[in-house]
Amino acid sequence: MEITKVVIPAAGVGPRFLPFSKTVPREMLPLLNKPSIQHVAEEALLSELVNMIVITAKGKEQIADHFDMSAVNPLIREHDKAGLLASIEKLARMAHFTYIPQQEPLGLGHAVWLARHCINKEYFAVALPDDIIFSKQPALSQLIRVARQEKASVIAVQEVPTECISSYGIVGIRKTITPNLFQLSHVVEKPNPKDAPSSLAVVGRYVLSSKIFNSLDEMQTYEQTELNLTDAICHMMQHNERVFAYKVQGTRYDLGTPLGWIKAVIGSALQDPDYGPATRKFLADINSPDSFLYNPAKIIEHNI
Ligand code: G1P
């Protein structure tokens, strides 16, 4: 089963990041020195997904500019003594990017549906740039392995606490195959915790059969209301397509909110060999009574 394409929906406004997201796409929020969407593109490339179909919107041109090495100002190249541009050079050389604008905010299902002309009768991946998953084996490649084994669609899931259930798609289990692999009966988008079929939440990585487009086609309405990907996956299951959920191994950060981004920045700095030791020292210092940050007497007033 050849899987070479990934759809990266990046059209959303990011209201929780306003005013930052007024002019800068929130997918450009950095984790260390790379924008979050580059982390997702690198995960895809490591998973041998060389065709990246990015769903964008007006005002998101910076995303395409970021991956375009022909647009680099020669002065920037000259100053890159540490060779930090090499990571984008690699992506530009090895991956093929297609950009499709989503003209109206009609939901994740609609964003994926827009990629239909780029995808033949084949399995393809979807990666949401709000979810960053750091792991030894890239999350997308974990899903691809399961999709090949089961010859079916697979969704990445992780356990979430009850209070977070209403923020996610939650899967209903038909059969437990292994402690990490489940065949699904249905998926519910952002349920009330008391109605949730499990505590396993969809975490922004999917490998889907191209049959999802039949479901999305059938679900389009003339009223043009939001189209959920979750509902289309359910529709596909009702039409006898098997769908699995796999508990992906890795550390996941939810960049959908500023707090999630703060955790991701700190978490990735702690894991980084260059930044880790100094970040650990800084965090220990914050909690110490002698700390500059902790001791109110040492606070310098900034008058604007
Ligand atoms: C989307 C999906 C949801 C999934 C979540 C993961 O929701 O619709 O099923 O659990 O991403 O981050 P969103 O966060 O875009 O509202």
Side-chain angles (χ1 to χ4, degrees), residues 6-18 21 25-27 29 31 36-37 39-40 43 54-57 60 102 104-115 125-135 139-140 142-143 153-173 182 184-193 195-208 212 215-216 219 225-237 243-248 250-261 263-264:
V6 58
V7 178
I8 306 177
V13 173
R16 294 191 195 97
F17 281 98
L18 284 169
S21 55
R26 77 174 187 287
E27 295 79 10
L29 275 166
L31 294 184
S36 61
I37 196 163
H39 287 279
V40 174
E43 180 193 325
V54 184
I55 311 300
T56 62
K60 297 251 177 166
Q102 186 180 29
E104 292 165 281
L106 292 175
L108 182 58
H110 179 260
V112 171
W113 179 77
L114 290 173
V126 176
L128 309 188
D130 269 359
D131 292 278
I132 297 292
I133 305 174
F134 291 118
S135 52
L140 283 167
Q142 296 177 38
L143 290 193
S153 302
V154 194
I155 307 174
V157 292
Q158 284 193 344
E159 292 277 355
V160 292
T162 312
E163 64 273 19
C164 297
I165 279 180
S166 60
S167 305
Y168 293 95
I170 302 291
V171 300
I173 294 162
F182 312 90
L184 300 187
S185 53
H186 63 300
V187 193
V188 195
E189 184 65 15
K190 306 195 172 86
N192 191 313
D195 306 322
S198 74
S199 53
L200 289 174
V202 177
V203 290
R205 298 289 183 276
Y206 312 75
V207 170
L208 298 173
I212 195 73
S215 294
L216 288 165
M219 293 169 70
T225 48
E226 275 212 8
L227 189 53
N228 265 333
L229 183 59
T230 305
D231 296 341
I233 292 171
C234 266
H235 183 276
M236 197 165 68
M237 279 188 263
V243 178
F244 291 80
Y246 181 67
K247 270 194 199 174
V248 278
T251 309
R252 168 185 168 265
Y253 297 106
D254 180 355
L255 267 53
T257 64
L259 182 61
W261 174 69
K263 289 180 185 172

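What you are looking at is a predicted structure, and each value in this text was computed from that prediction instead of being measured. Just follow the structure's listing: the first ligand is 1, and inside any ligand the first atom is 1.
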Within 4.0 Å of some non-hydrogen atom of Thr230, the atoms of ligand 1 are 9 (O)

Residue set satisfying salt bridge (Lys or Arg N to Asp or Glu O under 4.0 Å) with Glu159, at least two apart, ordered chain then number -> Lys247

- N/O donor-acceptor pair under 3.5 Å between Arg205 side chain and Leu128 backbone: yes

Please check this pair: side chain of Ser36 against backbone of Glu27, looking for a donor-acceptor N/O pair closer than 3.5 Å.
yes

Of all protein heavy atoms, the one nearest atom 16 (O) of ligand 1 is Lys190 NZ, 2.6 Å

For Asp254, does its backbone N or O pair with a side-chain atom of Lys263 as donor and acceptor, under 3.5 Å? no

Under 4.0 Å between heavy atoms, the region of Val202 that gets near ligand 1 turns out to be both

Under 4.0 Å from one or more heavy atoms of Gly169, ligand 1 contributes atoms 3 (C), 4 (C), 9 (O), 10 (O)

min-distance protein heavy atom vs atom 12 (O) of ligand 1 -> Asp131 OD2, 2.8 Å

*asked:* Closer than 3.5 angstrom, by distance alone: can the side chain of Ser21 be matched with the main-chain N or O of Arg26 as a donor-acceptor pair?
replied: no

for atom 1 (C) of ligand 1, nearest protein heavy atom and its distance come out as Leu128 CD1, 3.9 Å

Exam field: side chain His235 to backbone Met219, donor-acceptor pair closer than 3.5 Å:
no

Looking at Arg205, Glu189, Gln158, the heavy atom closest to atom 3 (C) of ligand 1 belongs to Glu189

